[in-house]
Protein chains: 2
Amino acid sequence: MDDSTGSRAKATAGGRRYHHGDLRRALLETAEAMLREDPSWQFTLREVARRAGVSHTAPYNHFEDKAALLAELALMGFDRLREACLAAMPGPGAELRAEYLAVARAYVSFGVENPGLYRLMFSQEAGAAVHENPRSRAAFGVMLEMLERGQREGLLRKRRVRSQAAACWAEVHGITMLTMDGLFRRETVGRKALDEALETLLEGLEP
Amino acid sequence: MDDSTGSRAKATAGGRRYHHGDLRRALLETAEAMLREDPSWQFTLREVARRAGVSHTAPYNHFEDKAALLAELALMGFDRLREACLAAMPGPGAELRAEYLAVARAYVSFGVENPGLYRLMFSQEAGAAVHENPRSRAAFGVMLEMLERGQREGLLRKRRVRSQAAACWAEVHGITMLTMDGLFRRETVGRKALDEALETLLEGLEP
DNA sequence: ACCTGAACACCGTTCAAGT
DNA sequence: ACCTGAACACCGTTCAAGT
């Protein structure tokens with residue numbers, strides 16, 4: 001009944017806003033939803049199109065190929081990761097130590113709560129185009145800037161700030177990935193245990 | 001000419017030792033070689049079979065499915081990673097600091113030199129079966145044991161050794177992955193810069 | 001016990017054709 | 001400008017059949 005009323009009817013009224021000119025966005029949202037529902041889902045373009053209610057060739061009007069859709073999705077993930085880290089920053093009066101812990105926790109939480117998306121962001125399928133894009137590095141810029149300020153104010157051990165930033169990024173990225181992979185033992189994955197790991201690095205940053 | 005001499009001839013003489021009873025090993029070796037030649041290679045079972053000189057269904061006599069071959073390959077990778085870390089350990093008289101740096105460097109080098117294999121080891125395709133297998137955790141056991149000894153001898157900051165081990169694993173894993181992904185800036189990926197990142201964590205381990 | 005070839009249900013991508 | 005359906009060259013996996 002519903003379908004026979006004509007597939008060309010504008011479904012813009014209230015509900016789904018597919019097929020009305022923003023298929024590009026609809027495809028990205030659909031793909032992300034599927035990734036969230038099943039983080040282990042094997043990404044297929046045809047299934048995204050199916051669920052978005054279009055033919056399996058329609059996506060090619062908006063993305064060069066499957067890799068391009070994946071890349072855009074990954075970049076959106078980096079944007080959101082950055083937002084999550086910024087949102088976690090305490091006010092300007094806070095101590096560096098508290099700031100570091102807040103941002104690091106927010107970073108790890110983002111990954112653990114969005115495992116499918118986070119994995120895609122760092123996957124090979126996303127491709128070099130993603131990792132060369134400033135939007136991906138910007139996600140970690142939040143912490144880099146924090147460390148640079150700490151260095152300026154003499155709150156950190158003297159060392160090249162880029163190396164310290166690399167150590168921080170590697171630490172939170174590593175914790176996120178190994179947690180997602182289930183490679184940490186049960187005693188290690190709790191909030192308290194992860195805090196301890198973050199603090200171990202923190203103590204290497206402090207003078 | 002070559003092929004018409006009979007495909008059933010024993011090719012065991014000197015060269016390739018395929019089809020003579022160890023196809024399982026041959027498939028694993030072939031797959032690993034292809035991964036080494038092109039780290040971005042999209043793993044297909046049919047191509048492995050083709051290159052190994054058998055029909056595309058032959059692998060099913062030795063592996064339940066594609067995932068099983070991937071899993072075994074990943075476990076072999078963890079074995080070799082462990083060996084690489086053990087081989088890098090200096091003699092029993094060495095200082096903890098030197099030991100830590102040697103093992104950490106060996107770990108990162110293994111990943112950077114075997115990007116395809118390393119990525120597979122931590123990929124989702126390898127599957128939970130891999131990450132639940134003791135062989136995967138054993139790779140990092142080398143460093144865990146080192147830290148436990150350091151704790152016993154009072155050479156480390158007092159803290160739960162498991163958290164320190166988690167921090168170490170996350171650090172080297174993160175450095176390896178981000179280097180492979182090209183997410184570190186040019187100044188960051190040099191040997192000296194990576195040492196600095198490792199030392200940042202080291203200083204958080206030491207009292 | 002091990003291997004093959006045909007067969008099935010999928011993919012990603014291209015292209016002529018429609019509006 | 002955007003979408004569709006048929007078509008092509010692939011996959012992973014199953015299964016009857018061969019030795």
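Everything quoted here is computed from the prediction, not taken from an experiment. Here is the naming used below: chain letters follow the sequence lines, and residue numbers restart at 1 for every chain.
- Atom NE2 in B:H62 sits roughly 13 Å away from atom C1' in C:dT4 (whole-Å rounding).
- Remark: P of D:dC3 and CG of A:D22 are 10 Å apart, rounded to the nearest angstrom.
- Sorted by first and then second residue, the pairs that involve residues 172-191 of chain A and meet ring-ring contact (aromatic ring centres under 6.0 Å, His included), not counting sequence neighbours, are A:Y118-A:H173, A:F122-A:H173.
- A 3.5 Å limit on both hydrogen-bonding distances identifies C:dC8 as the Watson-Crick or G-U partner of D:dG12.
- Which of D:dT13, D:dC11, C:dC3 sits closest to the side chain of B:Y60 comes down to D:dT13.
- Comparing atom distances between the A:K66 side chain and each of D:dT13, C:dG12, D:dC3 picks out C:dG12 as nearest.
- In this structure, the nucleotide among D:dT4, D:dG12, C:dT4 sitting nearest to the side chain of B:A58 is C:dT4.
- When both pairing distances are held under 3.5 Å, C:dT19 makes a Watson-Crick or G-U pair with D:dA1.
- Remark: P of D:dG5 and CG of A:N61 are 14 Å apart, rounded to the nearest angstrom.
- Of the side-chain N and O atoms in A:R24, none sit less than 4.0 angstrom from OP1 or OP2 of D:dC3.
- The nearest whole Å value for the distance from the CZ atom in A:R46 to the P atom in D:dA7 is 14 Å.
- Evaluated for a side-chain hydrogen bond (donor to acceptor under 3.5 Å, both in side chains) with B:Q164, the options B:R157, B:E148, B:Q151 yield exactly one hit, B:Q151.
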Apply the test side chain to side chain contact (heavy atoms under 4.5 Å, CB included) to residues B:M121 and B:N114: give CA-CA distance (whole Å), side-chain angles for both, the deciding distance (0.1 Å), then the verdict. CA-CA 11 Å; B:M121 285 158 61; B:N114 304 278; over 6 Å; no
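- We find that CD of B:E47 is positioned 17 Å from P of D:dA9, with the value rounded to whole Å.
- The nearest whole Å value for the distance from the CG atom in A:L70 to the P atom in C:dT13 is 10 Å.
- Between the A:R137 side chain and the A:H131 main chain, a donor and an acceptor come within less than 3.5 Å of each other.
- Following rounding to the nearest Å, A:L45 (CG) and D:dC10 (C1') show an atom-to-atom distance of 16 Å.
- Residue-level contact check: A:F43 touches the backbone only, with heavy atoms under 4.0 Å from sugar-phosphate atoms and none from bases.
- Look at CD on A:E64: it is 16 Å from P on D:dC2, rounded to the nearest Å.
- In this structure, B:H56 does not reach the D:dT13 phosphate: none of its side-chain N or O atoms is under 4.0 Å from OP1 or OP2.
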Show the numbers, then the answer: is there a salt bridge (charged side-chain N to carboxylate O under 4.0 Å, His left out) between B:R135 and B:E72? CA-CA 11 Å; B:R135 281 164 74 191; B:E72 181 53 32; 3.6 Å; yes
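- With distances taken from any side-chain atom of B:T44 to the nucleotides D:dT4, D:dG12, D:dT14, the minimum falls on D:dG12.
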